[in-house]
Amino acid sequence: MGWGFAFALGLILVFYLLYINGLLIFSAKTAVIFAGYVRRNGNAQLRFAACSGRIKRVIRFRDPGIYHFTYRSEISDGTVAVKVLDAKRREVISCMGTNYETKLEVEREKRYYLVFLFRNATGKCSVIWK
């Protein structure tokens, strides 16, 4: 093995560790316009036009308990689906409508995945955890 291979392997490991700890976002999308944020705590506010693809972020809750999940959207074209997956990548929340609210009981420092799926969508959406 050469130094180049070891460096590439080390770099992949660093990116993986950043992603799994919620410091890096996986984003594979195309859009005419895309603006917004998906924070480490799972709160998000997005605006987009002709957007297709996905965004995936690891979120962790510092305190265990019941969290209130609120999804709001104003989509004029296409579809947007939002999913929350647990550490074993099982779906615990799934919504596709314009407004959705539910509660989720979380464990301390357990890893969850927040996933946005866009299909030629135009509009805006937000996710709020309380």
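Side-chain atoms are counted along with the backbone in the values below, which use heavy atoms only and exclude waters and symmetry mates.
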Subject >> Separation between NE2 of His68 and CD1 of Ile66, rounded to the nearest 0.5 Å >> reply: 12.0 Å
Subject >> Lys83 side chain reached by Ser94 side chain, heavy atoms, under 4.5 Å >> reply: yes
**OP:** Report yes or no: do Tyr113 and Tyr16 belong to one cluster of Ile/Leu/Val/Met/Phe/Trp/Tyr joined by side chain heavy-atom distances under 4.5 Å?
**Re:** yes
**OP:** Kindly work out whether a path of hydrophobic side-chain contacts (I/L/V/M/F/W/Y, heavy atoms less than 4.5 Å apart) joins Ile25 to Val127.
**Re:** yes
**OP:** Would you give the length of the straight line joining atom OG1 of Thr79 to atom CE of Met96, rounded to the nearest 0.5 angstrom?
**Re:** 4.0 Å
Original post:
If two hydrophobic side chains count as joined below 4.5 Å and joins carry through other members, does Ile75 share a cluster with Ile128?
Top reply: no
Original post:
Are Tyr100 and Ile93 close enough that some pair of their side-chain heavy atoms sits under 4.5 Å apart?
Top reply: yes
Subject >> Heavy atoms from other residues, nucleotides or ligands near CD of Glu74 exceed 12 (cutoff 6.0 Å) >> reply: no
**OP:** Compare all side-chain heavy atoms of Tyr67 with those of Val106 and state whether any distance is below 4.5 angstrom.
**Re:** yes
Original post:
How close do Tyr19 and Val58 get, heavy atom to heavy atom, and via which atoms?
Top reply: O-CG2, 3.3 Å
Subject >> Sub-4.5 Å side-chain heavy-atom contact between Leu13 and Leu17 >> reply: yes
Original post:
What about Phe26 and Leu24, same hydrophobic cluster or not, with Ile/Leu/Val/Met/Phe/Trp/Tyr joined at side-chain heavy-atom distances under 4.5 Å?
Top reply: yes
**OP:** Test the Lys29-Phe118 pair against the cation-pi criterion, namely NZ or CZ under 6.0 angstrom from the six-membered ring centroid and within 45° of the ring axis.
**Re:** no
Original post:
What are the two closest heavy atoms between Tyr71 and Ser73, and how far apart are they?
Top reply: OH-CB, 3.3 Å
Original post:
Leu85, Ile59: one ILVMFWY side-chain cluster at the under-4.5 Å cut-off?
Top reply: no
List, one per line, each side-chain donor-acceptor pair under 3.5 Å for residues 41-54, sequence neighbours excluded.
| unit_1 | atom_1 | unit_2 | atom_2 | d |
| --- | --- | --- | --- | --- |
| Asn41 | OD1 | Asn43 | N | 3.0 |
| Asn43 | OD1 | Trp129 | N | 2.8 |
| Ser52 | OG | Asn120 | N | 2.9 |

**OP:** Search all heavy atoms of Asp86 against all heavy atoms of Tyr112 and return the closest pair with its distance.
**Re:** CA-CD2, 3.8 Å
Original post:
Got more than 12 heavy atoms from elsewhere within 6.0 Å of OH, Tyr37?
Top reply: yes
**OP:** Search all heavy atoms of Arg60 against all heavy atoms of Ile20 and return the closest pair with its distance.
**Re:** NH2-O, 3.4 Å
**OP:** Using a cut-off of 6.0 Å, state whether more than 12 heavy atoms not belonging to Arg72 lie near its atom CZ.
**Re:** yes
Original post:
Is there a side-chain contact between Leu23 and Arg40 (heavy atoms, below 4.5 Å)?
Top reply: yes
Subject >> Interatomic distance, Phe69 atom CZ to Cys95 atom SG [nearest 0.5 angstrom] >> reply: 4.5 Å
Original post:
Just wondering, more than 12 heavy atoms not from Lys103 lying within 6.0 Å of its NZ?
Top reply: no
Original post:
How far does CZ of Phe34 sit from OG of Ser27, to the nearest 0.5 angstrom?
Top reply: 6.5 Å
Subject >> Minimum heavy-atom distance Leu114-Val82, with the two atoms named >> reply: CD1-CG1, 3.8 Å
